[in-house]
Structure formats: C-alpha cells, structure tokens
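What follows is a set of notes on a single structure, which appears directly below.
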Number of protein chains: 2
Amino acid sequence: MIRKLESVFTLTDDERQALETLPMQVQVIKADQDVVREGDRPSRSCLILSGFACTYKMTAQGKRQIVSFNLPGDIPDLQSLHLKVLDNSISTISQCRVGFITHETLWDLCIRHPRIAAAFWRETLIDASIFREWVLNVGRREGISRMAHVLCELVVRLRAVDLVEDHACDLPITQGEFADALGFTTVHVNRVLQQMRAEGLIELSGDRLNIPDWDRLKQMGEFDPTYLHLESDQAAA
Amino acid sequence: MIRKLESVFTLTDDERQALETLPMQVQVIKADQDVVREGDRPSRSCLILSGFACTYKMTAQGKRQIVSFNLPGDIPDLQSLHLKVLDNSISTISQCRVGFITHETLWDLCIRHPRIAAAFWRETLIDASIFREWVLNVGRREGISRMAHVLCELVVRLRAVDLVEDHACDLPITQGEFADALGFTTVHVNRVLQQMRAEGLIELSGDRLNIPDWDRLKQMGEFDPTYLHLESDQAAA
DNA sequence: CGAAGCATTGATCGTCGTCAAACAATGTGG
DNA sequence: CCACATTGTTTGACGACGATCAATGCTTCG
C-alpha cells in the first residue's frame, strides 16, 4: 500500500528499501474509534494500511464535520511532523489496520532521502487540494451534485489503490457519516440517495456501491479529477 | 513582509540574506484581476506584498467559492512547486503589489537552506489547516457564526502581519466577496451583517472594520485560533 | 451629470433541518 | 432458538434558513 508513492516517480532500490523496512507499530483498530484527537501533540503519524477512516472537526455546538475520508495508503496526520498541535481528529469508519511511524524515523527518512521528503510534501499538498474542493462542494453544490461529487472522489481514489472492481466497490460508510461529510442531516442524505437510486445514478445497498453509468454520475457531481493530482489518469475508466 | 517566516524560528544571517535578496519580479495588479487561473501550469509562484487577494474555485454552474483570503506575506500558490497544474484560481480583491518568484529560484533556495524548505512546507500545511476549518465553517455553522468566524480569522491573521491598530483595520472586502467565501448570497450576507451591527458585534462601513467586543465576536464565531498555528499567540489581544 | 458598482429592502419560494416514529438488520445472551 | 438491544435506514409532517427575483438607494468616479 505504501507503494502509492511509487506512482509519482520511480524509486531507487535504496529508497524502496528504506520504505519497505520502515519501522512501524501496526495496530488493528475497531470501527468508530478515534485514532488521534484534536489538541493532541503526537510524536508519530499514522499510515492507514486497510479500512476506511476520516478526518473531522467539531463545532462548539457539538456538530461534526468530516473534512476528508482516509483510504488505505494515506497518512492523514503527516502534517503533525511540522505542526505541533493537531487541529483535527481522526477516527476509523470501518475496522482498520493502522501503522504508527514515529516522527523521528520520518525525519530521518526525509533527511536521508530528499526525494521521499518531496513526495511527502506533495502528498500533503494534495490533501490541501482535496480540502479546497470540499469547501467548494459544501459551499456551492446542493443535494445530488454534492453527494455525487464525493462518491466520484471516493471511487477514483479507491481505484488508485486498486479497491474497485469493474464499477463496484465496498463502501462501509453510513448515511450519518455521509451527512457529516456533506454538511447535511442523515435524513436528507437518505432522501438524496433514494432520488439517486430512482434516477439510476447509483446502486447502493449495505456496504456495496455500484455505478451503472460513470459518465452520468461524473456529470451530476461536476467531477473533474484534476484536483486529485493522480499521475496515471485513471479517471477515464 | 517576508519576515512572517522569521516568526517561526530565528534565521541565520545566511538565511536572512538569501531571503532578502531573493530575485523577484514585482508587479502592481488592479483590484479584481486574476493573478493565475485554474488549469495554468505556472513556472513561478506569487508572494503578496500588499493588498488583499483570494483563492477561489468555480462550479460548472458558474458559482464561485472563495476558499481562502490571501494577505500580505502569503504565497498562495506555493503548492505549484510540486503540483504541476493549478486546481484553483487566484484573484486580487483590492489593488495588490505582487512579487513573482520563479520555481527555479525557489528550488534553489530550498536545497541550499533546508530550514527554509521546512518553513515553506509548514506554510502550506497551515494553508491546509485553514481549508479544513473552512469546510467546518461552511458545512456546519450558520448565519452570524459563519460570518463571525471568518471575521475573527481575518483579524487575527491581519494582526500577525501588523495590519490591525487597536480593534480596527482596513477590510476592502465587498459583501459579494464575503458571500462567495461563506457559501451565501450577497443578499443574505447583507442581512447577517445588519443583524451583527444591530447586536453591536461589529462596526463595519466602507472599507473599515471595528470590533467593539472581541471576546463576544470570538464566542459568536466559535473562534479558536489554534488552527492558524501562530507562534506568538496574538489571539488573546 | 450620468454610469457603474455596491448596499439595502421586500416578497416569495425551496432546500434542507427538526422532530418523531417505525422499520430492518445484526448480534448478544439467556 | 428466541428475546431484545443496538445500530442504521426509511418515512411523514412541519418549520426555518437562506435563495431568488426585483427594485431602490447610495457612493464614487470619470
């Protein structure tokens, strides 16, 4: 999974070796558990090895906003390498295998392999790009478009880590979690999804998503994958 | 203005010199002009020397969403150093003095001065943090809170670059621009502002903002400046 | 003085929130 | 194996926040 990095540029043997032998503490975490919390001053970052997680923040009123979904291969709190105190929490959505890597070893890696450091920087920039797109999505798109857009993003990102077969994939995200990601209520998400099903845009039941007509969904979500800055452009598929 | 960097750590003479002699092409740009556009593949980044700018994206429907305000000292497209194609546009809000620095010289700077590279990385991480907060703001806060929050952010960031006297500052942002930043319409922004004025939360007329009761505004906006990751905590003031 | 841009106001409409309940699926323990 | 607890989905009625449409002021500036 770490080989997401490899898609950006070809690693030297040296670099690959450094990554493969990266010391990390692997932990299995149940669904719906905080991995790190806003306000923490972590001394390590976490790499999602399997499962779905999310980055979120809370208002003073106790409302939750998910600002990003974290998929296998992501390091959602890589930022903590430079920013001492975390300004968001990270929670699992499904059960996850998480690898914890100390900042010390990450620093070491960056100093020894400048190109890996650059790749890490790049990763955080793509995260930022995704946040920007989400501001647009939440601020200016409504109902079906908004939902369609995150679905498109999820599918494209899942495809990039090889978790989409054909036009279907596992999607262990509840309607309540979608609501927190979209700035909606659960009730509204439910109604939007029903309308999308009725219009044949998606087939979604349980943990399984199927996309009968990718082009139409893309169009509904005004989805242009440029902002994900993927190298191989899997978006066409 | 570049000395925003200096607030993070003390520069060596060498580093300071490198920054002060940084070759850049300075240009004065009128209000409401695009500096760079989504889709561009820029070979240089822009440093805001004076004036207000903003980063924005558009929906296919032609609706605009501002995802960030750019203040003097910011380098809003530093990301283009690593991401070839821009996924957002940048426009001036007021007249701006902008310094263009080629990627070449930036790379050179980063290689020669790793601590400056780290500081740049850090800057982009703070940008990301601001985007996250905006997702929360746009997704989960309404009316007055939403408005109060961006006002708080603006004041704190302006104070960090010494553009706030007492409790007042220049704020050349139109209601239409606020609307695009908040995901509202101009009409609604107008009504929210009037209510805030009526409640004595702000005094805003023309380009001038005055904050009679900072604590109350902070409270209304649920504003906690942690996410800005400022070193000296000017937030108390 | 007229034009352009911005702020303001009013009336009406719609997306989405709130509240409340019922239903389905899953899993646990007696 | 069934009771029942838990979690997620679905439905309905109603209300509100904010959008839309359309004028009307108010500045500023050439």
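No contact: Arg140(B) has no heavy atom under 4.0 Å from any strand. Among the heavy atoms of the strands lying under 4.0 Å from Thr174(A) are primed sugar atoms or P, OP1, OP2 only; no base atom is included.
Distance Asp32(A) CG to dT7(D) C1': 10 Å, rounded to the nearest Å. Distance CG (Asp180(B)) to P (dG18(D)): 16 Å, rounded to an integer number of Å. For the pair Ile144(B) CD1 and dG18(D) C1', the interatomic distance rounds to 14 Å; values are reported in whole Å. Distance CZ (Arg141(A)) to C1' (dT15(C)): 17 Å, rounded to an integer number of Å. To the nearest angstrom, P of dT9(D) lies 12 Å from CD1 of Ile202(A). Remark: C1' of dC17(D) and NZ of Lys63(A) are 11 Å apart, rounded to the nearest angstrom. Going from atom CG of Leu182(A) over to atom P of dT15(C) covers 17 Å, rounded to whole Å. Across the protein-nucleic acid pair, His188(A) atom NE2 and dG14(C) atom P stand 15 Å apart, rounded to whole Å.
A donor-acceptor pair is defined here as one N or O able to donate and one able to accept, closer than 3.5 Å; such a pair exists between the side chain of Ser94(B) and the backbone of Phe52(B). Put simply, the side chain of Gln65(B) gets close to the backbone of Ala181(B): a donor and an acceptor are under 3.5 Å apart. Under a 3.5 Å cut-off, the side chain of Ser89(B) and the backbone N or O of Glu38(B) do form a donor-acceptor pair.
Asn190(B) has a side-chain polar atom (N or O) that falls below the 4.0 Å cut-off from OP1 or OP2 of dT8(C). Within the 4.0 Å cut-off from OP1 or OP2 of dT9(C), at least one side-chain nitrogen or oxygen of Gln194(B) is found. For dT8(C), the OP1/OP2 oxygens have a side-chain nitrogen or oxygen of Arg197(B) closer than 4.0 Å.
Ranked by how close their nearest DNA chain D nucleotide is to the 5' end, Gly206(A) and Arg191(A) are led by Gly206(A). For Gly143(A) and Gly176(B), each mapped to the nucleotide of DNA chain C holding its nearest heavy atom, the one lying further toward the 5' end belongs to Gly176(B).
No side-chain heavy atom of Lys30(B) sits less than 4.5 Å from a side-chain heavy atom of Thr92(B). For the pair Val28(B)/Arg97(B), a side-chain contact is recorded, criterion being any heavy-atom separation below 4.5 Å from C-beta on.
Proximity note for Thr185(B) (side chain, C-beta onward) versus dG12(D), dA19(D), dG18(D): the nearest is dA19(D).
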